[in-house]
Amino acid sequence: LTAWTAMLTAYAQTGHLDLARKFFDSMPKKSTISWNAMISAYTQNGHLREAQELFEKMPDKNMVSWNAMITGYTQHGHMEEAREMFHRTPYRDLVSWNALLSGFSQSGLITEARKLFDRIPNPDVISWTTMVTAFASWGQLDEARDVFDRMPVRNLVSWNAMISGYSQNARGHEALQLYRTMDVEGVRPNEITFVGVVDACTAIGSLPLSRVIHAHIGDSSLSWDVTVGNAVVTMYAKCGSLHGAELVFSSMVRKDTITWNAMLAAYAQFSCHAGAVHVFHAMHVEGVPPDQVTFTIMLAVSSHSGECKTGLTYFWSARLDFGLPYRADHYRCMVDLLGRAGYIRDAKDLVQSMPFEPD
RNA sequence: ACUUACAUUCAAGUU
């Protein structure tokens, strides 16, 4: 039964929800854990309706079942439903509190988060770190730092949250300073720490510093993770070295869609239309699937280089060849592209055909 | 084997 449930989770995590459900239905015996796994499979893929249905049908709900539903709602911005579940659960534990807290954080309800935090009976390191993230991700770095300093216990995630918070808010020097403190206190960094440090340099924008940081993480005994490589590609580009970005990019053995997007963005930043087009084709040859970001970059590149026809080709290709839904920025690029080429009427028609409200 | 905290890629306009 444990093996079956593990299989179910594996299907869900690779996006094969339908297979997961078939698997679940065909299981000769089901435990509460398998029901919970199926509910999480639904919530993690945004199918809250189905999750709720299953939750209501399941015979023996436990604490994890209730928490999975709270989390499902918070992670998709349905705070009212999450709140209701939180109040109705007969098994409220620290996970329930933390899940709701994280929901307030993600929705930008910082005041609510703060109030909830004060009511948590025995906040743990996750509760505290969630508060650090809540403040940091809404730009309140000094509040975040205050929470960080007052935490009774810090773990690696707490350090990473604070370091990345600084980096994401263009406070690279403070990020690096905190990284040094972390080192002094003997906390071992991981890949996520390195990404935060690399991003700090990206924010500072200094090429000499980026070489130092590159050497530092290159010397580390930790093997290079694809996300660290991706961050380094961007760091070199943002620090003004397209060549550095290219060198790192080609040295990376493992590349994902983000790696390719980072390289495309580097060419776009340097107005190197030919480079971007070349990488886009190479991506296709290597069989790496483009995503919505890939097309945002390619549309912007086409617009800036006046390649109206090419841009239109990308626009249609995104949906017809790759089944990607359009985001608002794809339309923005297209309006820009058509407008620059003088097709004001078509730009206007496109705006009127959009599935969202124009901003 | 199931639930909670951290990370990498992103458009236009203005300057």
Side-chain angles (χ1 to χ4, degrees), chain A residues 1-10 12 31-41 43-44 62-72 74-75 91 93-103 105-106 124-134 136-137 155-165 167-168 190-199 202 225-235 237 256-266 268-269 291-301 303-304 327-337 339-340 359:
Chain A
L1 190 55
T2 64
W4 285 69
T5 308
M7 280 289 282
L8 198 164
T9 304
S31 65
T32 301
I33 295 186
S34 4
W35 281 86
N36 290 343
M38 192 63 230
I39 287 174
S40 297
T43 60
Q44 281 158 15
N62 65 7
M63 193 155 67
V64 173
S65 328
W66 284 89
N67 287 339
M69 287 308 301
I70 295 172
T71 302
T74 59
Q75 283 175 349
Y91 311 103
D93 72 342
L94 202 44
V95 173
S96 332
W97 285 95
N98 290 341
L100 193 67
L101 188 67
S102 168
S105 162
Q106 282 160 13
D124 64 358
V125 64
I126 295 186
S127 325
W128 283 92
T129 305
T130 303
M131 285 311 295
V132 170
T133 308
S137 53
N155 64 14
L156 181 57
V157 175
S158 326
W159 286 93
N160 290 345
M162 195 63 236
I163 291 172
S164 314
S167 299
Q168 285 161 357
N190 66 2
E191 292 84 354
I192 295 181
T193 320
F194 289 141
V195 170
V197 167
V198 170
D199 282 348
T202 303
D225 177 85
V226 66
T227 62
V228 176
N230 294 345
V232 173
V233 169
T234 301
M235 173 179 75
D256 60 12
T257 299
I258 294 184
T259 317
W260 290 87
N261 289 344
M263 199 59 234
L264 285 174
Q269 184 198 319
D291 65 5
Q292 293 171 313
V293 173
T294 314
F295 283 102
T296 302
I297 299 166
M298 293 315 289
L299 289 175
V301 164
S303 170
H304 291 148
R327 297 191 319 196
D329 32 344
H330 296 121
Y331 288 104
R332 288 190 193 106
C333 289
M334 284 308 289
V335 168
D336 185 58
L337 184 94
R340 280 178 207 251
D359 60 8

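Convention: sequence-line order gives letters A, B, ...; per-chain numbering from 1.
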Task: Non-neighbouring partners of A:Ser31 that pass side chain to side chain contact (heavy atoms under 4.5 Å, CB included), sequence neighbours left out - done: A:Leu1, A:Ile33, A:Ser34
Open item on the list: So if I take every side-chain heavy atom of A:Asn98 and compare against B:U4, B:A5, B:U3, which nucleotide ends up nearest?
Closed with: B:U4
Task: For A:Ser303, side chain to side chain contact (heavy atoms under 4.5 Å, CB included) partners two or more places apart - done: A:Asp336, A:Leu337, A:Arg340
Task: Partner set under side chain to side chain contact (heavy atoms under 4.5 Å, CB included) for A:Arg327, not counting sequence neighbours - done: A:Gln292, A:Val293, A:Thr296, A:Asp329, A:His330
TODO: Mind calculating the distance between CG (A:Asp93) and P (B:U3) to the nearest angstrom?
DONE: 13 Å
Task: Range-with-range stems for RNA chain B, at least three Watson-Crick or G-U pairs under 3.5 Å - done: none
Open item on the list: I need the minimum non-hydrogen distance between A:Ala134 and A:Ser105, along with the two atoms involved.
Closed with: CA-OG, 3.3 Å
Open item on the list: Could you work out, with side chain to side chain donor-acceptor pair (under 3.5 Å) as the rule, every residue matching A:Gln168, not counting sequence neighbours?
Closed with: none
TODO: Tell me, please, which residues at least two apart from A:Ala136 pass side chain to side chain contact (heavy atoms under 4.5 Å, CB included).
DONE: A:Ala144
Open item on the list: List the residues meeting side chain to side chain donor-acceptor pair (under 3.5 Å) with A:Ser158, not counting sequence neighbours, and say none if there are none.
Closed with: A:Thr129, A:Asn155
TODO: Can you figure out which of B:U3, B:C6, B:A5 approaches the side chain of A:Ala161 most closely?
DONE: B:C6
- [ ] Taking side chain to side chain donor-acceptor pair (under 3.5 Å) as the test, write out the residues that go with A:Thr193, two or more places apart.
- [x] A:Asn160, A:Asn190
Open item on the list: Whole angstroms only, please: what is the CH2-C1' distance between A:Trp66 and B:C2?
Closed with: 17 Å
Open item on the list: We want to know whether A:Ser65 and A:Asn36 form a side-chain donor-acceptor pair, criterion being a heavy-atom distance below 3.5 angstrom.
Closed with: yes
TODO: Specify the separation, in whole Å, of atom CG of A:Leu1 and atom P of B:A1.
DONE: 13 Å
Between the protein and nucleotides 8-10 of chain B, list the N/O to N/O atom pairs that are separated by less than 3.5 angstrom.
unit_1 : atom_1 : unit_2   : atom_2 : d
B:U8   : OP1    : A:Gln168 : NE2    : 3.4
B:U8   : O2'    : A:Ala231 : N      : 3.0
B:U8   : O2     : A:Asn230 : ND2    : 2.7
B:U9   : O2'    : A:Asn261 : O      : 3.2
B:U9   : O2'    : A:Ala262 : N      : 3.4
B:U9   : O2     : A:Asn261 : ND2    : 2.8
B:C10  : OP1    : A:Lys238 : NZ     : 3.1
B:C10  : O2     : A:Arg327 : NH2    : 2.2
B:C10  : O2     : A:Asp329 : OD2    : 3.4
B:C10  : N3     : A:Arg327 : NH1    : 3.3
B:C10  : N3     : A:Arg327 : NH2    : 3.2

Open item on the list: Give me the atom names and distance for the closest heavy-atom approach of A:Gly72 to A:Thr43.
Closed with: CA-CB, 3.6 Å
Check nucleotides 13-15 of chain B against the protein and report each pair of N or O atoms closer than 3.5 Å, with its distance, or say if there are none.
unit_1 : atom_1 : unit_2   : atom_2 : d
B:G13  : OP1    : A:Arg340 : NH2    : 2.6

Task: Nearest-Å distance for atom pair CD1/C1', residues A:Ile39 and B:C2 - done: 10 Å
Open item on the list: What is the separation between atom CD on A:Gln75 and atom C1' on B:A5, rounded to the nearest whole Å?
Closed with: 11 Å
Open item on the list: Please report the distance, rounded to the nearest Å, between CH2 in A:Trp97 and P in B:A5.
Closed with: 17 Å
Open item on the list: So, using side chain to side chain donor-acceptor pair (under 3.5 Å) as the criterion, who are the partners of A:Thr227 when residues are at least two apart?
Closed with: A:Asp225
Open item on the list: If you go through the side-chain atoms of A:Asp124, does one of them form a donor-acceptor pair with the base of B:A5 closer than 3.5 Å?
Closed with: no
Open item on the list: Any base atoms under 4.0 Å from A:Gln269, or only sugar-phosphate, or nothing? Heavy atoms, all strands.
Closed with: nothing
Task: Spacing between A:Leu264 atom CG and B:A11 atom C1', to the nearest angstrom - done: 14 Å
Task: Length of the CG-P vector between A:Asp225 and B:C6, whole Å - done: 17 Å
Open item on the list: Can you give me the closest heavy-atom contact between A:Thr202 and A:Ala231, atom names plus distance?
Closed with: OG1-O, 4.4 Å
Open item on the list: So if I take every side-chain heavy atom of A:Thr133 and compare against B:U4, B:U3, B:A5, which nucleotide ends up nearest?
Closed with: B:A5
